[in-house]
Amino acid sequence: MARFVDSHAHLDATDFDADRAEVLARARAAGVDTIVLVAAPRDLAEAARPLELARTDPDLYATVGVHPHDAAAIDESWWPELEQLAHDPKVVAVGETGLDYYYDHSPHDAQRAAFARHIELARSVGKPVVCHVRDAHVDARRMLDAAGVGRAGGPGGVIHCFTGNAEQAAAYAALGLYVSFSGITTFKTAGPIREAVRSVPRERLLIETDCPFLAPVPMRGRRNEPAFLVHTAEVVAAECGLSIEALANLTAANARTLFSLTIP
Ligand SMILES: [Zn+2]
Ligand SMILES: [Zn+2]
């Protein structure tokens, strides 16, 4: 059976409180046996939740960071604790951070300041940065390029839940970044995103659920979960002209490289 890595999941979300063990069992049954739990805490008290969950299971890994939506809420006093968490061996990346000019939940200057700070944290702990970018590709690319993310000597990085066009995806890959595709890739209207899949060099491709959000077709509208990654994988595999097993192996190997995962 194909074995997948879900490179971006919010399994610490309260949406999973009632049945988290069953969700993990269904993930394993579907071949999704390694999951990166990405942090998007509302406040500092929630920042360690993905890590606490990852510590309960050898196949789970965590990240530490604050979502761009909440950039304006970050207090200077949070950083020492975020940095301490980022050093933990089970923490494999810093984020999710980035720029979201679509929802605009935090002022752009606060988002840019937080993004720059996350990139510096990633550099200092020697881990990659998980980037959320929506309607902000020009600024994001400029900041990533200036900071040397993706280049030799700089931190690695991934543009998660990619929703731009083929040209933008290729430009991130050219910087040395990974590009991760979510359930949105399966939506009928997502022709440009499927085109973007084809523009990313295979060694830069990742797949994710971003659950509980963005369930892929045919589960669209339901709560998303790691087991549904298979549906996104089928669409990405078809775009790449690969079998589902080859796509699983490829994206798992890419995730292992980016996040320095130890997968048996
Ligand atoms: Zn995101
Ligand atoms: Zn996310």
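Start at 1 with the first residue, then count along the sequence. Each ligand, and each atom within it, is numbered from 1 in the order the structure gives.
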Problem - Main-chain N/O of Asp100 paired with Gln111 side-chain donor or acceptor, under 3.5 Å - result: yes
Handout entry: Backbone or side-chain N/O/S of His10 under 2.8 Å of the Zn ion (ligand 2)
Key = yes
Practice task
Taking both backbone and side-chain atoms into account, decide whether His132 has an N/O/S atom under 2.8 Å from the Zn ion (ligand 1).
Solution key: yes
Problem - His160 near the Zn ion (ligand 1) via N/O/S, less than 2.8 Å - result: yes
Problem - Side chain Arg204, main chain Gly176, donor-acceptor under 3.5 Å - result: yes
Practice task
State plainly whether the residues Arg20 and Glu22 are in salt-bridge range, i.e. N to O under 4.0 Å.
Solution key: no
Practice task
Starting from the Zn ion (ligand 2), look over the N/O/S atoms of Glu96 and name the nearest one.
Solution key: OE2
Handout entry: Atom name in Asp210, limited to N/O/S, at shortest distance from the Zn ion (ligand 2)
Key = OD1
Exercise for the section: Would you confirm whether Thr251, through its side chain, and Leu206, through its main-chain N or O, come within 3.5 Å as a donor-acceptor pair? Expected result: no
Practice task
Report the C-alpha distance between Phe162 and His137 in whole Å, list the side-chain angles of each, state the deciding distance to 0.1 Å, and finish with yes or no for ring-ring contact (aromatic ring centres under 6.0 Å, His included).
Solution key: CA-CA 10 Å; Phe162 184 75; His137 291 293; 5.7 Å; yes
